[in-house]
2 protein chains.
Amino acid sequence: MTIVDSAEELGRRDRKKLETRAALEHAALTLVAERGLAAVTVEDIAEAVDVSSRTFFNYFPSKEDALIGSHQASAAELCARLDAVPARVPVLEALRLMARAEAEHVQEQRERWLLRLKVFEQNPSLLPRLVASGSETERAVTAAVARRAGVEPGTSGYPELATAAAMAAFRVAMLRWSAAGGRPSLPGLVDEAFGQLAAGLPNP
Amino acid sequence: MTIVDSAEELGRRDRKKLETRAALEHAALTLVAERGLAAVTVEDIAEAVDVSSRTFFNYFPSKEDALIGSHQASAAELCARLDAVPARVPVLEALRLMARAEAEHVQEQRERWLLRLKVFEQNPSLLPRLVASGSETERAVTAAVARRAGVEPGTSGYPELATAAAMAAFRVAMLRWSAAGGRPSLPGLVDEAFGQLAAGLPNP
DNA sequence: TGAAACATTGCAGACCCTGAAATTTTTCCT
DNA sequence: AGGAAAAATTTCAGGGTCTGCAATGTTTCA
C-alpha cells in the first residue's frame with residue numbers, strides 16, 4: 001500500500017528501482033519454492049531478472065534477505081504502533097494490538113506472504129528471521145515495552161520476556177495461518193495466541 | 001559430565017577426537033571473544049589448534065556451529081526430561097522443570113557458558129541459534145508437549161506456543177544471567193521467567 | 001605383524017560477498 | 001535539445017566459506 005501510493009509520486013529512476021527489487025524478491029521466492037534454498041544461487045536469481053549478480057548485492061546483503069523481503073515491518077513502524085496505544089492499556093494487550101495491525105498488513109498481501117511462509121517452512125534455517133528476530137527489531141520493541149512498563153531495561157527481564165513471547169505468538173499464528181492455506185483469519189489467530197498467553201498458557 | 005564419564009571408557013582414537021573437538025570449540029570462542037566474529041577465519045581457528053582447515057569442517061559444518069558447541073542439550077535429552085515429569089503436572093510446569101534441569105546443567109559449566117554468552121551478545125547474528133533454534137529441537141519438544149497435552153499437533157497451536165514461550169523464557173534467563181556476570185542463580189532466574197509466563201505476563 | 005577402519009590432509013572447485021573502478025542510464029539545468 | 005552532474009549497473013579482482021575426492025597417516029584388532 002505504501003509502496004503503491006508513493007510509487008506514483010516517484011521519478012522513473014526510483015520506480016525502476018522498486019521494480020527491480022520486487023522482481024528480485026519474487027524470483028528468489030519462486031525459485032527457492034521450486035528447488036529449495038541450497039539449489040538456487042544468487043546468479044540464478046539475478047539471471048532470472050536479467051541483471052548482474054553484483055546488482056543483486058546492491059539490493060540485498062545476502063541471499064536470505066531477498067527471501068525475507070522488505071515487507072517486514074520496520075522497527076520504527078512497530079514501535080510507533082506500540083506507542084500509539086494509550087498508556088493505561090496493559091503491556092500485553094498493547095502488544096496484541098500491535099501484532100493485530102501487523103497481521104492485517106500481512107493479510108493485504110496474502111499471496112506473497114503465503115508463498116514466503118511456504119518457503120520458510122521448507123527451509124527451517126530461515127524461520128528464526130520471521131518477525132525480524134534480527135534482534136534489531138526485537139531490541140527496539142523491547143525498549144518501547146520497557147518505557148511503557150516503566151521499568152529500567154536490563155534489570156527485571158520483563159520487557160525482554162514480554163517481547164519475546166509476543167513475537168512467538170505472532171510467529172505461531174503466522175505458521176498456523178500458512179499451514180491452513182490462509183483460510184482462517186490471521187488477526188483471529190493472533191488474538192487466540194495472545195489470549196492463551198494472557199491466560200498463563202493453561203492446559204488446553 | 002556425560003563426556004567426562006564416558007571418556008574413560010573410550011579408546012585413544014575417540015579420546016583424541018573429543019579433545020580436538022573441545023580444542024576447536026575453545027579456540028573459536030576465545031578468538032571470537034577477542035576479535036569479533038568477522039575478524040576470525042576458520043583457518044585462524046584451525047591453526048590455533050594445529051590442524052588443517054579441512055579438519056575443522058570434519059568436526060563442524062560451519063564456523064558458527066563451533067561457537068554453539070555440542071553442549072546444547074540434544075532434542076532427545078530434553079524430551080526425555082519432559083516425559084519424565086508425571087502426566088498430572090500441567091504442561092507449563094513440566095516445561096519449567098525441564099528448563100531448570102537444563103539450567104543446572106549450564107551452571108555446571110559456568111565459565112564456558114559465560115564466555116559463550118558473551119560472544120553471543122557481542123555478535124547478535126548468533127542469538128537466534130541460542131536454545132537450539134535449529135527447529136529440530138523445537139520440533140521435538142513441540143511434539144512431546146502435544147503428546148502430554150493430549151492435542152493433535154498442528155491444529156490448536158497450543159504446543160507450538162507453549163514451547164516457543166518456554167524457549168523464550170529460558171533464553172531471557174540465560175541472557176540476564178550473563179549480563180549479571182553469572183552472579184544470580186540461573187535456575188532462580190528461570191523460575192522467575194516461568195512465573196511471569198504462568199501469571200499471564202501482567203504489568204510489573 | 002598385517003589388514004581393516006578411521007582420521008587427517010591437500011587439492012580442486014563452486015558459491016557467497018565485498019571493494020573499487022569503468023560504463024551506462026537517468027536526471028536536471030540552461 | 002544539449003550537456004554536465006548524479007546515480008545505477010557492470011566488470012573485475014579477491015578473500016572467505018564449505019564440499020567432494022583421492023592420498024596419506026594413524027589406530028584398532030585379529
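Note on naming: letters A, B, ... go to the chains in the order of the sequence lines (proteins, then strands), and numbering restarts at 1 for each one. Just so it is clear, the structure is predicted and the values come from calculations on it, not from any experiment. Side chains included, hydrogens not; waters and symmetry mates left out as well; all remaining heavy atoms used.
OP1 or OP2 of dT26(C) lies within a sub-4.0 Å distance of a side-chain N or O belonging to Lys16(A).
Separating the NZ atom of Lys17(B) from the P atom of dT9(C) is a distance of 13 Å, rounded to the nearest angstrom. Atom CZ in Arg15(A) sits about 15 Å away from atom C1' in dT25(C), given to the nearest Å. Summarising the geometry, the separation between CG on Asp65(A) and C1' on dC16(C) is reported as 13 Å, rounded to the nearest angstrom. Following rounding to the nearest Å, Ile45(A) (CD1) and dC15(C) (P) show an atom-to-atom distance of 12 Å. When rounded to the nearest whole Å, the span between CG of Leu24(A) and P of dT10(D) equals 10 Å. Glu19(B) has its CD atom 15 Å from the P atom of dA7(C), to the nearest Å. Counting to the nearest Å, the C1' atom of dA6(D) and the CG atom of Asp14(A) are 12 Å from each other. Atom OH in Tyr59(A) sits roughly 18 Å away from atom P in dC17(C) (whole-Å rounding).
A donor-acceptor contact under 3.5 angstrom links the side chains of Ser178(B) and Glu121(B), judged on distance only. A donor atom on one side chain and an acceptor atom on the other are not found under 3.5 Å apart for Asn58(A) and Thr55(A).
At a threshold of 4.0 Å, the pair Glu19(B)-Arg15(B) does not count as salt-bridged, since none of the basic side-chain nitrogens sits closer than that to a carboxylate oxygen.
Taking the side chain as every heavy atom from C-beta outward, Met98(B) and Leu95(B) approach each other to under 4.5 Å.
A donor-acceptor pair is defined here as one N or O able to donate and one able to accept, closer than 3.5 Å; no such pair exists between the side chain of Arg148(A) and the backbone of Pro90(A).
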Q. When every nucleotide of nucleotides 11-20 of chain D is labelled 5' to 3' by its protein contacts under 4.0 Å (heavy atoms), B for base, S for sugar-phosphate only, - for none, what sequence of letters results?
A. B-----SBBB
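Under the side chain to side chain donor-acceptor pair (under 3.5 Å) criterion, the residue pairs touching residues 27-40 of chain A are Arg35(A)-Asp44(A), with sequence neighbours excluded.
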